[in-house]
Amino acid sequence: MNGGVAQKISLFPVLDVMQLDSKNRGSLTRFRNPLPREFFNRDPRRVGRDLLGKVLVRRTGRKLLAARIVETEAYLGEDDPAAHAAAGRTPRNAVLFGPPGYAYVYFIYGNHYCLNVSCLPDGVPGGVLFRAAEPLLGIEEMARARGVEIANPRDLQKLTSGPGRMAEAFGITRERDNGKDLTSTRSHLWLADDGYPTARVLTTRRIGITKAADSPLRYVIAGSEFVSGPKGKT
DNA sequence: AAGCGGATCGTCT
DNA sequence: GACGATCCGCTTG
């Protein structure tokens, strides 16, 4: 009923994670395949949905951080009051107006960074916000970056469930990462397709906004334990 | 489980 | 000078 995807995530998360993490060596091969620029040269609604199941990868020296995307939100252009691009181009949001496949990182509430990827051709604004992921590699590094301890399996959700948490776990800041090309492993921050099967997707309203709050532009992998916010029923 | 308020600062009016 | 695409801790039910 559920497709194998959600089941696999909910039944074997820790086992998968520990096995993968212990085999960190050689994982570069598995996650070396970045999504091409054309993937992002589309409507953010399509991109946001298709990014579910893909893997965010960060390379720091020999170490790899990797997490499977389980939740995204689409932000459009002038016709989307909730989008940073709505009020037109500024120094802050310029990446959203540039070519597709680049990191737009912003600082929010005086505390947190959030990662987006630009969509649509140069000159047309749009992006996808990364809201939550399932940790695959670099659990210890993520826990250290987040300042939390992993005492039981449920604690893994504290690492990357939420846009601010994801960014912190990956050490993403505006200063370091804004404008980086996410389609190249040379940027040391990229999005990989490791052949994971397409997930069953739920579409909901976006979280944490006041304007255009009713638009169904949030996408989550059905049944994933790693989505942010209250655990909705499926 | 859900609802609150505080922290904290870059960005644009 | 006001406001956030958030998180955390505390309170209540």
Side-chain angles (χ1 to χ4, degrees), chain A residues 40 43-49 51-52 56 67 69-98 100 102-120 125-133 135 142-152 154-179 182 191 202-220 225-234:
Chain A
F40 303 99
D43 188 297
R45 288 166 286 204
R46 188 80 76 91
V47 177
R49 170 179 289 263
L51 275 172
L52 297 180
L56 178 66
I69 309 301
V70 301
E71 177 182 350
T72 62
E73 282 177 357
Y75 285 89
L76 314 179
E78 309 250 335
D79 42 342
D80 180 5
H84 286 185
R89 184 176 192 145
T90 68
R92 176 206 194 198
N93 66 18
V95 175
L96 290 176
F97 288 78
Y102 290 85
Y104 168 53
V105 182
Y106 64 88
F107 187 62
I108 191 67
Y109 294 121
N111 287 303
H112 307 287
Y113 293 97
C114 294
L115 173 68
N116 300 245
V117 60
S118 62
C119 299
L120 297 170
V128 169
L129 168 68
F130 295 94
R131 286 199 55 90
M142 291 185 192
R144 200 177 313 129
R146 290 271 301 115
V148 301
E149 288 192 10
I150 308 298
N152 66 71
R154 296 194 75 81
D155 289 340
L156 289 173
Q157 298 172 21
K158 298 183 199 163
L159 295 180
T160 51
S161 291
R165 290 169 165 184
M166 266 188 76
E168 187 170 37
F170 275 77
I172 289 169
T173 67
R174 179 170 174 88
E175 295 69 30
R176 267 179 76 177
D177 300 306
N178 189 55
L182 297 182
L191 290 157
L202 297 180
T203 304
T204 77
R205 297 150 51 124
R206 292 175 294 186
I207 290 181
I209 58 175
T210 57
K211 293 170 258 182
D214 289 339
S215 302
L217 297 176
R218 171 173 174 259
Y219 311 101
V220 306
E225 300 291 315
F226 292 89
V227 303
S228 70
K231 299 283 170 286
K233 58 244 161 169
T234 51

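Within every chain, numbering begins at 1; the chains are lettered A, B, ... in the order of the sequence lines, protein sequences first and strands thereafter.
Here the side chain of Arg92(A) is nearest to one of dG4(C), dA5(C), dT11(B), namely dT11(B). When distances run from any side-chain atom of Arg131(A) to the nucleotides dC12(B), dG4(C), dT6(C), the shortest one goes to dT6(C). Side-chain proximity of Arg174(A) to the nucleotides dT11(B), dC7(C), dG4(C) is greatest for dT11(B). With dA7(B), dA5(C), dG4(C) as the candidates, the nucleotide lying closest to the side chain of Asn111(A) is dA7(B).
For the pair Val148(A) and Phe107(A), both in contact range of DNA chain C, the more 5′-proximal nearest nucleotide belongs to Phe107(A). Nearer the 5' end of DNA chain B, as judged by each residue's closest nucleotide, is the contact made by His112(A), out of His112(A) and Thr90(A).
Side-chain N/O atoms of Arg165(A) include one lying less than 4.0 angstrom from OP1 or OP2 on dC8(C). Between dC8(C) and Arg146(A), a contact under 4.0 Å exists linking OP1 or OP2 to a side-chain N or O.
Pro135(A) is listed as a side-chain neighbour of Phe226(A), based on a closest heavy-atom distance under 4.5 Å.
Distance, Gln157(A) CD to dC7(C) P: 14 Å, rounded to whole Å. As rounded to whole Å, 20 Å separates atom P of dC3(C) from atom CG of Asn93(A). Residue Lys158(A) contributes atom NZ, which lies 11 Å from atom C1' of dC8(C) at whole-angstrom precision. To the nearest angstrom, P of dA5(C) lies 10 Å from CZ of Arg206(A). As a whole-Å value, the separation of Ile108(A) CD1 from dC9(B) C1' is 10 Å. Spacing between atom CG of Leu76(A) and atom P of dA5(C) amounts to 14 Å, rounded to whole angstrom units. Following rounding to the nearest Å, Tyr113(A) (OH) and dC9(B) (C1') show an atom-to-atom distance of 10 Å. Counting to the nearest Å, the P atom of dA5(C) and the CZ atom of Arg45(A) are 19 Å from each other.
With a 3.5 Å ceiling on both atom-pair distances, the Watson-Crick or G-U wobble partner of dC12(B) is dG1(C).
The residue Gly110(A) sits close to a base: some heavy atom pair falls under 4.0 Å.
For the side chain to side chain donor-acceptor pair (under 3.5 Å) test with Thr203(A), the passing option among Arg45(A), Arg218(A), Arg49(A) is Arg49(A); the others fail.
Taking the six-membered ring for Trp, Tyr102(A) and Tyr104(A) have ring centres at least 6.0 Å apart.
Under 3.5 Å, the side chain of Tyr106(A) and the base of dA5(C) form at least one donor-acceptor pair of N or O atoms.
Ion pair Lys158(A)/Asp155(A) flagged as a salt bridge, since at least one NZ, NE, NH1 or NH2 atom sits closer than 4.0 Å to an Asp/Glu carboxylate oxygen. The pair Arg206(A)-Asp80(A) meets the salt-bridge criterion, since a charged nitrogen lies less than 4.0 angstrom from a carboxylate oxygen.
The aromatic ring of Tyr75(A) sits over the base of dA5(C), with ring centres less than 5.5 Å apart and planes tilted by under 30°.
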